[in-house]
Amino acid sequence: MNNCEYQQIDPQALSTPTPTPTLPPRPAVEEERTRRKWEVFPGKNRFYCDGRFIVAQQSGVLPLTLGLILVTTVLFFVFDCPFLVKHLTVFIPAIGGVLFVFVVTSLLQTSFTDPGILPRATPDEAAYIEKQIDDSGSSTYRPPPRTKEVMINQQVVKLKYCFTCKMFRPPRTSHCSLCDNCVERFDHHCPWVGNCVGKRNYRFFYTFIVSLSFLTAFIFGCVATHLALRAQGGRGLIFALQESPLVICFFSVWSILGLSGFHTYLVASNLTTNEDIKGSWSGKSGAEDPGNPYSYNNIITNCCSVLCGPMPPSLIDRRGFVPVEESLQTVSTEMELPMLAAKKEINVVGGPTPSQLPPLLCLAGSLPSTSWLEV
């Protein structure tokens, strides 16, 4: 067997020539300009079609809602419509089809429309607000105030400070804990539509539940007529029930009608679900009834204000381009984690100490991490 000669390698000799890690190639300016703002959006939302559609991150119930509406309508057209067309009128399928299209369209508009999300304060805006809070206090330390009072229709309204968005919330604005956004004229977060309901999509939500009430009531009335005609034929009610399985509408129509009635009351009073539950203007919270400062004291005017006003523009500009400077900062942030991982791996295997690493790796942990809406 041949003799094998081994030579011991000095670890210090290997650590002397420390190669400088090469940085990934910097993207071209043209590529950086194509980065959309929805790609760095800080809220818990999902975007589709290059940011044109926005839904909540937890939108798994929306397919269930669509499925229930679709299955109920299909069963109605299969089991009830042929009999009713033959014995009553041919307009029944047409009416059902129009209501179905109206319901689905309103549901999709509610689900994929920006509900009125407010952009988070920029670092400069947050610093300015914090400076105002500090200047308003005394020389001794005290916690910063969380509210600010403004006058609306000769009535004092308190604005709460949002520590996530770093700003005082405008009137009727609330922070949704599921979507992690401040929503203007926040009504509630509806899992059935997979989105928050706010200033920009409340009219679509109200149209959805009202049209769904009409569709459910129409199907229930047609099913009841079908059963009555079948029973008069001498076959009995049990056989008629077997021929029309959509009697389940009897149990769902009341809850949907009740929901529509509740939101009709809110629209007529110019209230939101959030305000009604908290009793902000009705004295439910224990305080004296201050009256609703947003109501016009007229049902027709309130309805027109909520449902027929001009559509406000979206404020988050989700399809806008990220500026080049902020895009470079985002690229630096994406480089931070791989650099820290490489540094940790070198220290674990007994390589050079942090003092022997190139300055870029040593400063990796102090790179700024900002985006267009982060504060």
(message) Counting only heavy atoms from other residues, nucleotides and ligands, does the tally under 6.0 Å from CZ of Phe47 exceed 12?
(response) yes
(request) On the 0 to 90° scale, with breaks at 30° and 60°, tag the Phe53-Phe112 ring pair as parallel, tilted or perpendicular. (result) tilted
(request) Determine whether more than 12 heavy atoms belonging to other residues, nucleotides or ligands lie under 6.0 Å from atom CD of Gln155. (result) yes
Can you give each donor-acceptor pair under 3.5 Å made by side-chain atoms of residues 171-178, sequence neighbours left out, with the distance rounded to 0.1 Å?
{"residue": "Arg172", "atom": "NE", "partner": "Glu275", "partner atom": "OE2", "Å": "2.9"}
{"residue": "Arg172", "atom": "NH1", "partner": "Asn270", "partner atom": "OD1", "Å": "3.3"}
{"residue": "Arg172", "atom": "NH2", "partner": "Asn270", "partner atom": "O", "Å": "2.9"}
{"residue": "Arg172", "atom": "NH2", "partner": "Glu275", "partner atom": "OE1", "Å": "2.9"}
{"residue": "Thr173", "atom": "OG1", "partner": "Pro170", "partner atom": "O", "Å": "3.2"}
{"residue": "His175", "atom": "NE2", "partner": "Asp180", "partner atom": "OD1", "Å": "2.9"}

(request) Scan side-chain atoms only and decide if Thr264 and Tyr206 contain a donor-acceptor pair under the 3.5 Å cut-off. (result) yes
(request) May I ask you to establish whether Arg169 and Tyr161 are in a cation-pi arrangement, using a distance under 6.0 Å from NZ or CZ to the six-membered ring centre and at most 45° from the ring axis? (result) no
(request) Examine distances only and state if a side-chain atom of Arg203 and a backbone atom of Gly309 form a donor-acceptor pair shorter than 3.5 Å. (result) yes
(message) Other residues, nucleotides and ligands only: do more than 12 of their heavy atoms fall within 6.0 Å of CZ on Phe83?
(response) yes
(message) With a 4.5 Å cut-off on side-chain heavy-atom distances among I, L, V, M, F, W and Y, is there a chain of contacts connecting Val55 to Trp192?
(response) no
(request) Ignoring hydrogens and angles, tell me if any N or O in the side chain of Thr65 forms a donor-acceptor pair with the backbone of Val61 under 3.5 Å. (result) yes
(message) To the closest 0.5 Å, what do you measure between CZ (Phe208) and CG (Leu107)?
(response) 4.5 Å
(message) Given the ring of Tyr202, does Arg185 sit roughly above its face, with NZ or CZ under 6.0 Å from the centre of the six-membered ring and within 45° of the axis?
(response) yes
(request) Might you confirm whether atom OH of Tyr128 has over 12 heavy atoms from other residues, nucleotides or ligands at distances under 6.0 Å? (result) no
(request) Taking the side chain as every heavy atom from C-beta outward, state whether Arg200 and Pro115 have any atom pair closer than 4.5 Å. (result) no
(message) Take a 6.0 Å sphere around CD1 of Ile299 and say whether it holds more than 12 heavy atoms from other residues, nucleotides or ligands.
(response) no
(message) Do Ser213 and Ser260 pair up side chain to side chain, a donor and an acceptor below 3.5 Å, judged on atom types alone?
(response) yes
(request) With the side chain counted from C-beta on, respond yes when Glu184 and Pro312 share a heavy-atom pair under 4.5 Å apart, and no when they do not. (result) no
